[in-house]
2 protein chains.
Amino acid sequence: MKKVYLKDIAKEANVSTALVSYVLNDRLTDRIKPETASRIKKIAERLNYTPDFLGKALKSQKTKTIGLILADLANPFSAQVARIIENKVSAYDNIVLIGSTDEKNENFKGLVTTFTNRQVDGLILLPTAHSENEIQRIHKTNIPYVLMDRYFPNKPYNFVVNDNHYTTYTAVKQLIKNGRKKIGFITLDIDLFHISERTRGYLDACKEANISTQKMIKKVNGNQLSIEVEQAIEELMYSCPDVDALLFSTNLLTLYGLKYAIKHKLQVPEVIEIMAVDKAEYYDIFPTPITYYKQPLEEMCNKAVQFLMSKIESNNSESIQEVIKGTLVIGK
Amino acid sequence: MKKVYLKDIAKEANVSTALVSYVLNDRLTDRIKPETASRIKKIAERLNYTPDFLGKALKSQKTKTIGLILADLANPFSAQVARIIENKVSAYDNIVLIGSTDEKNENFKGLVTTFTNRQVDGLILLPTAHSENEIQRIHKTNIPYVLMDRYFPNKPYNFVVNDNHYTTYTAVKQLIKNGRKKIGFITLDIDLFHISERTRGYLDACKEANISTQKMIKKVNGNQLSIEVEQAIEELMYSCPDVDALLFSTNLLTLYGLKYAIKHKLQVPEVIEIMAVDKAEYYDIFPTPITYYKQPLEEMCNKAVQFLMSKIESNNSESIQEVIKGTLVIGK
DNA sequence: AAATTTTGTTTAATCGTTTAAATAATTATA
DNA sequence: TATAATTATTTAAACGATTAAACAAAATTT
């Protein structure tokens with residue numbers, strides 16, 4: 001059961017480790033005597049040889065490893081992303097290192113350092129707020145990377161993201177179509193472009209329909225979501241008693257919104273309609289159907305991984321800036 | 001911005017790389033001239049040196065990496081475990097490799113191979129059904145490992161698990177205390193000891209209270225949970241129209257059970273009470289409170305990681321077999 | 001002043017692999 | 001039959017770190 005190395009095979013076959021390496025990597029095939037080659041291959045198989053990762057990686061300076069940095073693995077959105085990335089990446093015979101930032105910039109930096117020290121071949125980043133310096137630094141090195149979900153506007157950085165303006169724009173359009181006229185928007189008080197895009201989408205759709213947004217936007221800072229969402233909703237209902245729709249800009253906000261609705265027996269959707277950004281398994285256990293915007297996660301992850309892999313392989317100078325639209329899934 | 005190696009520092013300080021290594025690792029401190037040492041340290045700091053992971057790992061044969069193999073990262077239970085492990089492990093300056101088996105034994109084996117090839121220092125395993133051969137193999141090698149959540153009875157393997165008999169036993173006790181007399185049990189049709197323990201706990205509690213369990217257990221195989229759970233509940237209600245409680249043995253089963261309850265407007269808890277194994281954020285958006293058994297995840301992960309780390313460090317021959325009790329959280 | 005000890009640093013091997021260059025053995029060409 | 005060309009394999013350096021052993025210089029003891 002001892003681990004088998006090149007030199008074990010070499011000894012057994014009475015050849016040098018170099019030759020074994022050439023054979024097992026199918027190099028120099030036109031030079032090596034076919035019988036020698038097959039003899040070596042047979043021995044390798046019999047001894048169940050697998051190349052030592054560290055030796056190989058040190059020599060090749062490739063680790064076949066992708067680093068994935070996200071907000072919080074325990075959040076279903078992150079977990080979903082992680083799982084899809086895991087699948088895509090393993091199809092390329094690579095593996096994923098995952099790290100959670102808890103939205104803290106210092107953790108983000110720390111993880112980038114840890115991962116690059118470990119020589120990951122590429123990085124998939126869902127950056128924290130105010131991490132642009134770090135992104136810029138990464139961009140200037142030549143480690144392949146791509147931002148996902150979150151990004152920075154008007155910058156040359158690589159990204160693959162959801163169309164966040166479209167997200168809330170279509171959600172609001174649907175609410176209006178459903179006859180809603182006083183639409184509250186509950187979002188995060190966080191300095192991330194993709195979140196402010198969601199506000200912009202909401203505002204644009206309302207403006208187009210001549211719907212006032214005065215005092216209809218509530219931003220919660222996310223330290224105590226349960227309480228904050230409750231307060232936000234109550235403030236909203238106080239300043240606008242006839243609010244007839246609530247649009248939540250993330251999955252967690254929606255969760256707490258629904259909890260509130262249950263706790264306070266809101267009449268959903270008769271009096272007030274609830275609409276969500278992000279799919280969640282549990283919408284179905286809310287008594288009435290929830291319409292939600294489904295992010296194109298599969299496609300985003302696919303594009304991101306494909307881009308990284310091609311970059312890692314060819315070391316080209318290509319960049320990527322993709323904004324992908326998802327779909328509004330109507331609660332039935 | 002180029003990466004800095006020992007030799008860069010050595011060149012700058014006009015000494016050998018060996019000396020630099022000794023200084024930066026604080027070895028041979030009684031031999032090295034203090035001025036030389038501080039000169040080297042200063043240069044290392046100025047050049048922002050961090051040791052190359054691969055070089056170090058190859059030499060030391062330690063990767064400071066733990067492999068975590070679980071069922072499905074996208075499942076909240078798994079994600080929760082992964083996140084806690086990530087935290088615990090990073091406190092030891094290690095990182096985690098995560099892999100999902102999708103309950104397939106071949107994937108489990110593949111991941112074990114991948115991870116051991118990558119020289120992880122230890123393994124935390126939530127094994128698949130029928131993986132005992134593989135576990136036995138791992139047990140006989142001397143790679144530190146520990147089973148979590150799932151395990152094999154009467155075997156010398158290391159494990160840290162929830163008390164699954166207690167889990168359903170206390171849940172049923174509570175249901176009986178609540179006046180329930182016809183208690184259905186919905187569980188997975190999967191050959192995993194911890195799941196059959198949950199059945200045993202259910203049976204024992206019922207027997208003790210002289211409650212019949214005839215036709216009250218439904219096992220679903222998990223390929224199409226949504227449909228299967230629906231069928232299971234309907235069969236149960238058909239063969240026992242006055243069933244007054246449903247106990248679900250996993251979080252996903254509960255989710256689909258709650259969906260069913262909503263869809264078919266079950267009177268919960270007036271007519272039928274629902275009880276769950278595993279905590280879930282979304283119980284609060286079900287119209288009435290859900291009582292659930294909360295597994296001692298923190299404690300389990302803590303014990304598992306601590307055991308692994310001490311094993312890795314000291315290479316002792318200790319083993320661990322811990323069965324930990326969680327708590328029943330009463331829905332209020 | 002020679003021998004010994006202590007102090008400070010370097011050399012060289014090692015971890016397991018890859019690969020350019022060297023060498024050896026065989027066959028073809030002159 | 002010597003020489004060149006081809007075929008088959010080995011040597012040795014490299015990746016970046018660690019560390020036992022060797023060495024050199026200075027200080028101490030005889």
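Hydrogens, waters and symmetry mates play no part in the numbers below; they use all other heavy atoms, side chains included. Chain letters run A, B, ... following the sequence lines, proteins first and then strands; every chain starts at 1. Because the structure is a prediction, the values reported are computed rather than measured.
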> Listed by chain and number, what are the ring pair (Phe, Tyr, Trp, His ring centres under 6.0 Å) partners of A:F193, not counting sequence neighbours?
Replying inline: A:Y151
> Does a side-chain N or O from A:S16 land closer than 4.0 Å to OP1 or OP2 of D:dT9, or not?
Replying inline: no
> Is the distance from OP1 or OP2 of C:dT18 to the nearest side-chain N or O of A:Q61 less than 4.0 Å?
Replying inline: no
> Near DNA chain C, under 4.0 Å by heavy atom, which residues of residues 34-42 of chain B?
Replying inline: B:T36
> Pairs in or reaching into residues 125-147 of chain B: which pass ring pair (Phe, Tyr, Trp, His ring centres under 6.0 Å), with residues at least two apart or in two chains?
Replying inline: B:H139-B:Y145, B:H139-B:Y157
>> Need the bend value for the helix from C:dA1-D:dT30 to C:dA30-D:dT1: angle between end axes, 5 pairs each end, nearest 10°.
In response: 80°
> Counting only non-hydrogen atoms, which of residues 44-58 of chain B are less than 4.0 Å from DNA chain C?
Replying inline: B:L58
> Would you say D:dT18 has OP1 or OP2 under 4.0 Å from some side-chain N or O of B:S21?
Replying inline: yes
>> Does C:dG16 have OP1 or OP2 under 4.0 Å away from a side-chain N or O of B:Q119?
In response: no
> Quick one: side chain to side chain contact (heavy atoms under 4.5 Å, CB included) partners of B:E106, sequence neighbours excluded?
Replying inline: B:K104
>> Using the side chain to side chain contact (heavy atoms under 4.5 Å, CB included) criterion, which residues pair with A:V89? Sequence neighbours excluded.
In response: A:I66, A:I85, A:N94, A:V96, A:V305, A:M309
For residues 68-79 of chain B, which side-chain donor-acceptor pairs fall under 3.5 Å, sequence neighbours excluded?
| unit_1 | atom_1 | unit_2 | atom_2 | d |
| --- | --- | --- | --- | --- |
| B:D72 | OD1 | A:R83 | NH1 | 2.6 |
| B:D72 | OD1 | B:A74 | N | 2.9 |
| B:N75 | OD1 | B:F77 | N | 2.8 |
| B:N75 | OD1 | B:N251 | ND2 | 3.1 |
| B:S78 | OG | B:D72 | O | 3.1 |

If you look only at distance, which donor and acceptor atoms sit under 3.5 Å apart when one is on a side chain in residues 17-31 of chain A and the other is two or more places apart or in another chain?
| unit_1 | atom_1 | unit_2 | atom_2 | d |
| --- | --- | --- | --- | --- |
| A:S21 | OG | A:N25 | ND2 | 3.4 |
| A:N25 | ND2 | A:S21 | O | 2.8 |
| A:D26 | OD1 | A:K41 | NZ | 3.3 |

> Applying ring pair (Phe, Tyr, Trp, His ring centres under 6.0 Å), which residue pairs with at least one partner in residues 87-109 of chain B are found, sequence neighbours left out?
Replying inline: none
>> So, under a plain 3.5 Å distance rule, would you say the side chain of A:K59 forms a donor-acceptor pair with the base of C:dT17?
In response: no
>> Base contacts versus sugar-phosphate-only contacts with protein, heavy atoms under 4.0 Å: please encode nucleotides 20-29 of chain C as B, S and - from 5' to 3'.
In response: B---------
>> By the salt bridge (charged side-chain N to carboxylate O under 4.0 Å, His left out) test, which pairs, at least two apart or in different chains, include something from residues 306-323 of chain B?
In response: B:K303-B:E322
> Which nucleotide, C:dT14, D:dA8, C:dT18, lies nearest any side-chain atom of A:K33?
Replying inline: D:dA8
